[in-house]
Amino acid sequence: MKVLLTAEQIQEGVNSLAQRIEQYYQGKPVTLVGVLIGSIVLLADLIRRLNIPLRVGLVQARRYRGRNTQPGPLAIDLEVLTAEVRGRHVLLVDDIFDTGQTLWELIPQLDELAPLSIRTAVLLRKQGRKQVDLEPDFVGFEIPNVFVVGYGLDYDDMYRNLPYVATLDNEDLK
Ligand code: XMP
């Protein structure tokens with residue numbers, strides 16, 4: 001395992017994200033909506049740095065697979081989105097923007113709940129992987145095209161608890 005971003009670097013990055021987000025949403029009713037599970041660490045750190053009135057919700061994005069096991073459409077589990085969205089600005093919070101497919105598919109589904117606007121914030125944006133016509137509005141760090149874990153990001157549901165972001169070596173991937 002190799003550390004890509006130290007805990008200190010991440011905290012500075014989250015501070016900077018929070019400053020930009022706080023400025024943008026001054027005077028606007030905002031609901032931060034975290035995409036489960038990877039966003040929970042960022043969400044917890046971010047909301048404690050935002051000195052504006054806000055609400056918090058979560059969505060579970062499930063990708064249904066067809067019989068041939070090809071990835072199917074993404075569906076939001078609205079059961080967990082208990083926070084008010086209608087008539088409020090929504091900031092979707094995710095751990096990483098990789099191909100962009102997840103946020104690209106979530107946005108129109110959330111839009112059906114009639115928010116005033118939808119913006120996106122991610123801790124990490126992988127370079128050279130984008131497949132959709134969407135740029136995240138608030139980005140903590142640009143990273144190279146490598147598989148990363150830590151600070152909410154997992155490999156086989158492990159490593160989410162690391163306070164830093166690291167790349168995995170081949171022996172970690174067994
Ligand atoms: P897309 O391609 O939809 O990807 O932008 C977003 C989701 O894919 C997962 N992902 C990763 N998870 N290390 C991880 O632990 C990675 O390097 C990585 N790249 C993508 C993640 O769940 C993210 O929300």
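Counting starts at 1 for both ligands and their atoms, in listed order. FYI, the numbering just counts along the sequence from 1.
Looking at Leu91 and Arg119, their side chains come closer than 4.5 Å, going by heavy atoms from C-beta outward. With contacts defined as side-chain heavy-atom distances shorter than 4.5 Å, the pair Val148/Leu168 does not qualify. Counting heavy atoms from C-beta on, the side chains of Tyr164 and Gln9 never come closer than 4.5 Å.
With respect to atom 15 (O) of ligand 1, the closest heavy atom belonging to the protein is Asp154 O, 2.7 Å. The protein heavy atom nearest to atom 22 (O) of ligand 1 is Asp95 OD2, 4.1 Å. Atom 2 (O) of ligand 1 has Thr99 OG1, 2.4 Å as its closest protein atom, hydrogens excluded (heavy atom only).
Using 4.0 Å as the threshold, Asp94 has a heavy atom nearer than that to some atom of ligand 1.
Under the 4.0 angstrom criterion, atom 8 (O) of ligand 1 counts as lacking any protein heavy-atom contact.
Looking at Tyr159 and Asp172, their side chains never bring a donor and an acceptor atom within 3.5 Å of each other.
Of all atoms in ligand 1, listed by their number and element, those nearer than 4.0 Å to a heavy atom of Gly100 are 1 (P), 2 (O), 5 (O). Atoms of ligand 1 lying under 4.0 Å from any heavy atom of Lys126, numbered from 1 in the order shown and given with element: 16 (C), 17 (O), 18 (C), 19 (N).
Where the criterion is an N or O separation shorter than 3.5 Å, residue side chain and backbone included, Asp98 meets it with respect to ligand 1. Checked by distance only, ligand 1 and Val148 come closer than 3.5 Å through their nitrogen or oxygen atoms.
Of the candidates Ile96, Val122, Val132, Ile37, Ile96 brings a heavy atom nearest to atom 11 (C) of ligand 1. Of all the listed residues (Leu153, Thr102, Asp156), Thr102 holds the heavy atom that lies closest to atom 6 (C) of ligand 1.
Contacts between Val146 and ligand 1, counted as non-hydrogen atom pairs separated by less than 4.0 Å, involve the backbone only. By the criterion of a heavy-atom distance under 4.0 Å, neither the backbone nor the side chain of Arg129 is placed next to ligand 1.
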| Candidate pair Glu105 and Gln101, rule side-chain contact (heavy atoms from CB on, under 4.5 Å), full reasoning | CA-CA 6 Å; Glu105 289 184 54; Gln101 202 65 45; 3.2 Å; yes

| query | Are Val132 and Thr99 close enough, and set up right, to give a side-chain contact (heavy atoms from CB on, under 4.5 Å), and what steps lead you there? | reply | CA-CA 7 Å; Val132 295; Thr99 65; over 6 Å; no

| message | Could you walk me through whether Asp95 and Leu42 satisfy the side-chain contact (heavy atoms from CB on, under 4.5 Å) test, starting with their C-alpha distance in whole Å, then the side-chain angles of each, then the deciding distance to 0.1 Å, before giving a yes or no? | response | CA-CA 7 Å; Asp95 47 6; Leu42 171 63; over 6 Å; no

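Comment: Glu22 does not engage Arg49 in a salt bridge, judged by the lack of any side-chain N to carboxylate O separation of less than 4.0 angstrom.
Scored by the salt bridge (charged side-chain N to carboxylate O under 4.0 Å, His left out) test, Arg160 finds Asp154, Asp157 as partners (sequence neighbours excluded).
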